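Here, residue 1 is the first one in the sequence, and each next residue gets the next number. These numbers come from a predicted model, not from an experiment.
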Amino acid sequence: MMWVRIPSLLLFLAAVTRHRAVAAPNCPPLGPVFEKPRNFKSSEAIRAAIASITAVLTARDADNSSGVLANDTSYSIEIFSTTSDAPVIFSWHHTAPALAAARNSTGLRKTDADAVYRLGSLTKIFTIYTWLAQDGDAKWNEPITKYVPELAAAAGKAKMDPVANVAWADVTIGALASQLSGAVRDYGIVGELTQSLDQNTATAYGFPPLSSSDPTYPHCGTWPLCNRTEFFNGLLQVQPSYAPFVTPAYTNTGFQILAYALESIKGKSFKSMMEESVLRPLGLNHTYYNNAPTRVGIIPGSAAAASWDYQLGDESPAGNMYSSVADISALGRSILRSTILPPSLTRRWLKPAALTSEPIASVGYPWGIRRILLPEENGKRTIDAYNKAGRVGYYSSLLNLLPDYDIGFSVLIAGPNIPGNTNFNIADLLGVRLLPALEAAAREQAQAVYSGEYRAPSGNSSLRLTTQADRPGLGVENWISNGTDMEIIAVALAQGYVPAKPTIRLYPTGLETVRADGTKKVAYKATFEDMNALTRPWQDSMFSTDCGSWVTLTSVTYGSYPLDEFVFELDKGVRW
C-alpha cells in the first residue's frame with residue numbers, strides 16, 4: 001500500500017497536548033529511537049548545548065582548585081560526527097599557563113588539534129582495531145594456546161593446580177580482548193614493588209624479605225624491559241586472578257599476548273601491521289606506536305619526568321602509543337563509519353562481552369560500556385556509550401563513541417598532577433549537555449522528515465505520524481485500514497488482550513535501500529503497547545519487567561508481512 005504524506009505542524013502540537021497526561025512508559029527496542037541526527041548546524045538544541053559547554057569550559061579553565069588545577073593541566077577536546085559537512089561539531093583547547101611559561105619544556109608551548117599526547121591504555125583500541133582489520137574475529141573463540149607455543153607448553157599445569165596456574169587451554173583470543181582471561185594485570189611493570197622499592201623499604205612496609213634468586217622475583221619489567229622469553233618465564237610464575245570467563249579483571253598482559261598471537265598468524269611485526277591496517281589508511285600523521293619526537297608533544301616539564309620517553313617494549317600494544325585529539329577523533333569516526341571493517345563486524349565489536357558488578361556498566365573488546373538513562377517522562381530511553389580511557393606518566397586520555405547518534409568525543413590531558421578522574425569528569429560535563437541535545441536534534445529531524453498525515457490513493461486507509469517531546473520515536477495516530485481502527489486491533493493482536501490505552505511507536509531499524517536515482521526505502525519497527533498496563537517499580541520487581549519489547553517484535557504477521565514493519569519511500573530531495 002502506498003502512503004502519501006500531508007505535513008502539518010498543527011497535528012504535531014495537537015498530539016503533544018493530547019498525550020501529555022499519559023504516565024505509563026513506552027519501551028523502545030535497544031538502539032536509536034530516531035534516525036541518527038545530521039542537522040548539527042541547524043539544530044537549536046545543538047547550538048544551545050555548545051553554548052553551555054563553552055561557558056562551563058571557560059569557567060573551568062580559570063579554576064585552579066585541587067579538583068581541576070587549570071594552571072598546570074593542559075587538555076584538548078573534540079566532539080566529532082560521521083557526517084562530511086560537520087566532522088567536528090565542537091573543539092576546545094586549554095594550554096596551562098605553566099606550560100606556556102615553562103623554560104624547560106622540550107615540546108610545544110601551545111596545544112591544538114594536532115598536538116601530541118601520550119595515550120596510555122587508549123592504545124588498546126588501536127590494538128584490537130589492528131587485529132580486526134588484519135584477521136577479523138573468526139578466531140576469537142579459539143584457544144590462545146593455538147598461536148602462542150609458550151602458553152601451550154604450560155597449559156597442562158592448571159589441571160594439577162588451578163590455584164597456582166592459569167588455565168591457558170581455556171583462554172580464548174576473545175577472552176584476552178575482553179578482559180576475561182583471569183590472568184595477571186601486568187608482569188614486572190606497573191604495581192610490581194620489587195621493581196620500584198628496595199628490600200629495606202619493602203620490609204619496612206611489612207613485606208617479607210624476597211631473595212633475588214627466588215623464581216618469582218622479576219629481573220626485568222620497568223627496567224630493564226623484558227624480552228619475550230623473560231616475559232613468559234616470569235608470567236608463568238604468577239597465579240591467576242580468576243578462572244577464565246568468571247568476571248572481567250583488567251589485564252595489560254593479555255594485549256601483549258594478543259600481539260604475539262597476531263604476529264604468529266600473519267608472520268609480520270605487530271607495529272608494521274598497525275601502520276599498514278590503521279595508521280596509514282586513516283592518515284593518522286600525528287599518531288605514533290612508539291618514540292614520538294618531542295617537538296610534536298605537549299610535555300609538562302622534562303621529557304623524563306613526564307614519561308614521554310618511557311617505552312613499554314613488547315607490552316606496547318597495551319599502552320605505549322601517542323596521538324593528537326584530531327587523530328583520535330578520526331579513529332573514532334572511522335570505527336563508526338566502518339571505513340576499514342565490514343559494518344557487521346563493527347556492530348559485533350560494539351557489543352558487550354560481559355557484565356560488571358555495576359548495573360549500568362559492562363565490558364567489551366576492550367570497551368568500557370556505560371548504560372546511560374535519559375530522562376523521558378513517558379518512555380524508557382537507554383543509550384550505550386563505548387569508552388576507552390588511559391593513563392601513563394603525566395598523561396590521561398579518553399575516547400567515547402555514541403553509536404546511537406554516530407558521534408563521539410576525544411579528550412587528551414597533560415599535567416604533572418592531573419586530578420583523579422579528570423578525563424571522565426570532562427566526559428560528564430560534556431555528556432549531560434550533549435546527549436539531551438542530540439536526542440532533541442534527532443527528534444527535530446524526524447519531525448521535519450516524517451511527521452504529518454498519510455493516505456492511501458484508494459480505499460479508506462490513513463494514518464498520522466507525530467513526534468512528542470515526552471516520548472521516544474514516531475507516534476502512530478488515527479491508523480485506519482480499510483475503514484477499521486487498527487490502533488486497537490494491532491495492540492490487541494500483539495498483546496493478547498483488548499488494550500485500554502493502545503499506543504503505537506515507530507523506531508528506525510537501520511535498514512535502508514538506496515537506489516541509483518537517489519531515492520530510498522527506509523524500514524521502521526513498531527511497538528504495540530497498552531499505556532494502561534501496570535508499571536513495575538524496580539524495587540518490587542526482582543524478575544518482572546515493564547520493558548520487554550524485544551520479545552514481541554515481529555510477533556504478528558499477515559501474508560508473511562510483519563504487522564509491525566513500516567516502510568517509507570523517500571524522494572531524492574529528502575535530506576537530514
Side-chain angles (χ1 to χ4, degrees), residues 50 52-80 88 90-123 190 286-288 292 294-310 319-329 368 387-400 408-434:
I50 295 302
S52 178
I53 291 170
T54 299
V56 75
L57 290 177
T58 299
R60 190 182 190 282
D61 291 350
D63 182 0
N64 200 41
S65 66
S66 59
V68 176
L69 295 178
N71 285 355
D72 296 319
T73 308
S74 303
Y75 66 93
S76 295
I77 297 171
E78 277 195 359
I79 301 173
F80 58 86
V88 178
F90 174 80
S91 64
W92 190 267
H93 306 280
H94 171 68
T95 301
L99 177 72
R103 294 184 178 181
N104 63 336
S105 174
T106 53
L108 300 173
R109 296 299 178 89
K110 185 177 181 180
T111 188
D112 59 24
D114 293 327
V116 174
Y117 299 70
R118 293 210 70 166
L119 300 182
S121 285
L122 178 46
T123 299
V190 179
H286 296 90
T287 300
Y288 303 83
T294 57
R295 69 178 184 276
V296 302
I298 298 297
I299 306 174
S302 70
S307 293
W308 180 266
D309 294 332
Y310 175 61
N320 196 78
M321 291 180 68
Y322 309 69
S323 191
S324 68
V325 73
D327 275 13
I328 297 301
S329 295
N387 307 287
K388 190 68 195 79
R391 181 76 187 255
V392 60
Y394 285 1
Y395 300 91
S396 180
S397 63
L398 178 67
L399 169 64
N400 173 284
F409 53 84
S410 52
V411 181
L412 300 180
I413 308 164
N417 296 290
I418 300 173
N421 210 52
T422 293
N423 48 0
F424 284 103
N425 290 341
I426 292 175
D428 288 341
L429 68 85
L430 295 177
V432 74
R433 293 161 177 83
L434 183 62

Report yes or no: does Asp309 contribute a side-chain atom to a donor-acceptor pair with the main-chain N or O of Ala303 at less than 3.5 Å? no
Does the pair Tyr75 and Thr111 meet the rule for a side-chain hydrogen bond (donor to acceptor under 3.5 Å, both in side chains), with working shown? CA-CA 7 Å; Tyr75 66 93; Thr111 188; over 6 Å; no
Taking all heavy atoms of Leu99 and all of Ile299, pick out the closest pair and write down the distance. CD1-O, 3.7 Å
Mind checking the CD1-CE spacing from Ile328 to Met321? Nearest 0.5 Å is all I need. 7.5 Å
Can you name the closest pair of heavy atoms from His93 and Ser76 and give their distance? ND1-OG, 2.9 Å
Pairing donors with acceptors under 3.5 angstrom, does anything connect the side chains of Thr123 and Asn320? no
Going by ring-ring contact (aromatic ring centres under 6.0 Å, His included), name the residues that satisfy it together with His286, two or more places apart in sequence or in a different chain. none
Min side-chain heavy-atom separation Arg60-Ile426 under 4.5 Å: yes
Quick check: closest heavy atoms across Ala96 and Ser74, and the distance to 0.1 Å? N-OG, 2.9 Å
Report the C-alpha distance between Thr73 and Val68 in whole Å, list the side-chain angles of each, state the deciding distance to 0.1 Å, and finish with yes or no for side chain to side chain contact (heavy atoms under 4.5 Å, CB included). CA-CA 8 Å; Thr73 308; Val68 176; over 6 Å; no
Under 3.5 Å, is there a donor-acceptor pair linking the side chains of Ser397 and Tyr117? no
Test: side chain to side chain donor-acceptor pair (under 3.5 Å). Region: residues 412-424. Which pairs qualify, not counting sequence neighbours? Ser396-Asn423, Asn421-Asn425
Would you say the side chain of Leu398 lies within less than 4.5 Å of the side chain of Asn387, judging by non-hydrogen atoms? yes
What distance separates Asn400 CG from Phe409 CZ, expressed to the nearest 0.5 Å? 3.5 Å
Out of curiosity, Asn64 CG to Asn71 CG, how far, rounded to the nearest 0.5 Å? 3.5 Å
Using the test ring-ring contact (aromatic ring centres under 6.0 Å, His included), find all partners of Tyr322 that sit at least two apart in sequence or belong to another chain. Trp308
With no hydrogens and no angle check, just 3.5 Å: does a side-chain donor-acceptor pair link Ser410 and Ser329? yes
Do you know the tightest heavy-atom contact between Pro300 and Ala306? O-CB, 3.7 Å
Side chain to side chain, Leu434 and Ile79, heavy atoms closer than 4.5 Å: yes
Rounded to the nearest 0.5 angstrom, the CZ-OH distance for Arg118 and Tyr394 is 13.5 Å
Close side-chain approach of Val411 and Ile413, heavy atoms under 4.5 Å: yes
Separation of Leu122 CG from Tyr395 OH (nearest 0.5 Å): 15.0 Å
Report yes or no: does Ser307 contribute a side-chain atom to a donor-acceptor pair with the main-chain N or O of Tyr310 at less than 3.5 Å? no
Heavy atoms only: give me the nearest Leu429-Val432 pair and the separation to one decimal. O-CG1, 3.7 Å
In short, Val325 meets Leu412 closest at the heavy-atom pair N-CD1, 3.3 Å
With rounding to the nearest 0.5 Å, note down the distance linking OG1 in Thr54 to CZ in Arg433. 10.5 Å
